[in-house]
Amino acid sequence: MKGVFLLLGGNIGDRFSYLSLATTQIGEKVGKILQMSSIYETAPWGIPDQPDFLNQVLEIDTDLPPQELLESILAIELSLGRERHHKWYARTIDIDVLLYADYVMQQPTLQVPHLRLPFRRFALIPLSEIASQIVHPQLNKTIAELLAQCEDTLEVKKIAFE
């Protein structure tokens, strides 16, 4: 299945290494990586008194159905030291399913498209970089339109590598 978009993020430890390790494991265990956004440094959302995050969006081609995809990415998070203390708490790595093509699923463990995607610049900016014209299957708006309408004001800045 093409058009599956994952958001990777983390704000403790060697943030770049955790993104790299997660990307490698996703490519090995989940599906072929088709596109990768730039890496962005973002202000923490939800709990402001913690280190800034690094975020990146990947588009993958996977044969895994949504629930199996979730199980695979949770296993990757666990292998990279992810601990779940509180919602929005600091973490080594977090992997969210933003979109699974035009699929819509609302279950206790997985909501696709991600429920808070339209409200978070740290997800919309890297997603827009690689898929600005993709249409949100419930809101019938492109990612670029959602970004233009997003009221989130937290800082999101592209990391420049030299």
Sequence neighbours excluded, which residues qualify as side-chain contact (heavy atoms from CB on, under 4.5 Å) partners of [X]?
{"X": "Pro118", "answer": "His136, Leu139, Leu146"}
{"X": "Ser37", "answer": "Tyr40, Gln56, Val57, Pro126, Glu129, Ile130"}
{"X": "Leu21", "answer": "Leu80"}

Indicate the atoms forming the closest heavy-atom contact of [X] with [Y], along with that distance.
{"X": "Leu7", "Y": "Ala123", "answer": "CD2-CB, 3.8 Å"}
{"X": "Ala43", "Y": "Asp52", "answer": "CA-OD1, 3.7 Å"}
{"X": "Gly9", "Y": "Phe53", "answer": "C-CD2, 4.3 Å"}
{"X": "Ile73", "Y": "Ile95", "answer": "CD1-O, 3.5 Å"}
{"X": "Pro66", "Y": "Met105", "answer": "CB-SD, 3.8 Å"}
{"X": "Arg15", "Y": "Leu54", "answer": "CB-CD1, 3.4 Å"}

So, [X] side chain and [Y] main chain: donor-acceptor pair closer than 3.5 Å or not?
{"X": "Glu145", "Y": "Thr142", "value": "yes"}
{"X": "Arg121", "Y": "Thr42", "value": "no"}
{"X": "Asn11", "Y": "Pro51", "value": "yes"}

Review point. Are Asp152 and Leu124 close enough, and set up right, to give a side chain to side chain contact (heavy atoms under 4.5 Å, CB included), and what steps lead you there?
Key: CA-CA 10 Å; Asp152 178 9; Leu124 287 168; over 6 Å; no
Point to revise | Of all pairs that satisfy side-chain hydrogen bond (donor to acceptor under 3.5 Å, both in side chains), the ones with a partner from residues 98-110, not counting sequence neighbours | key: Gln67-Thr109
Would you say the side chain of [Y] lies within less than 4.5 Å of the side chain of [X], judging by non-hydrogen atoms?
{"X": "Leu99", "Y": "Ile143", "result": "yes"}
{"X": "Leu154", "Y": "Trp45", "result": "yes"}
{"X": "Val104", "Y": "Pro113", "result": "yes"}
{"X": "Leu117", "Y": "Asp96", "result": "no"}
{"X": "Leu74", "Y": "Glu77", "result": "yes"}

**Study point:** Within 6.0 Å of CE in Met1, more than 12 heavy atoms from elsewhere
**Key:** no
[X] side, atom [atom1]; [Y] side, atom [atom2] - distance, nearest 0.5 Å:
{"X": "Leu58", "Y": "Gln35", "atom1": "CG", "atom2": "CD", "answer": "10.0 Å"}
{"X": "Leu64", "Y": "Lys29", "atom1": "CG", "atom2": "NZ", "answer": "12.5 Å"}
{"X": "Arg116", "Y": "Phe122", "atom1": "CZ", "atom2": "CZ", "answer": "8.5 Å"}
{"X": "Leu127", "Y": "Leu147", "atom1": "CG", "atom2": "CG", "answer": "9.5 Å"}
{"X": "Gln50", "Y": "Arg91", "atom1": "CD", "atom2": "CZ", "answer": "7.0 Å"}
{"X": "Asn55", "Y": "Glu41", "atom1": "CG", "atom2": "CD", "answer": "10.0 Å"}

Following the transitive rule for hydrophobic clusters with a side-chain heavy-atom cut-off under 4.5 Å over Ile, Leu, Val, Met, Phe, Trp and Tyr, establish whether [X] and [Y] coincide in one cluster.
{"X": "Val97", "Y": "Ile33", "value": "yes"}
{"X": "Ile26", "Y": "Leu110", "value": "yes"}
{"X": "Ile159", "Y": "Leu8", "value": "yes"}
{"X": "Ile12", "Y": "Ile93", "value": "no"}

**Study point:** Listed partners of Asp14 passing side-chain hydrogen bond (donor to acceptor under 3.5 Å, both in side chains), at least two apart
**Key:** Ser17
Practice item. Mind checking side-chain hydrogen bond (donor to acceptor under 3.5 Å, both in side chains) for Lys141 and listing every partner two or more places apart, or none if nothing turns up? Key: Gln149
Revision key, fill the gap. Test side chain to side chain contact (heavy atoms under 4.5 Å, CB included), reference Val4, set Leu34, Thr62, Asp61, Val112, output is Thr62
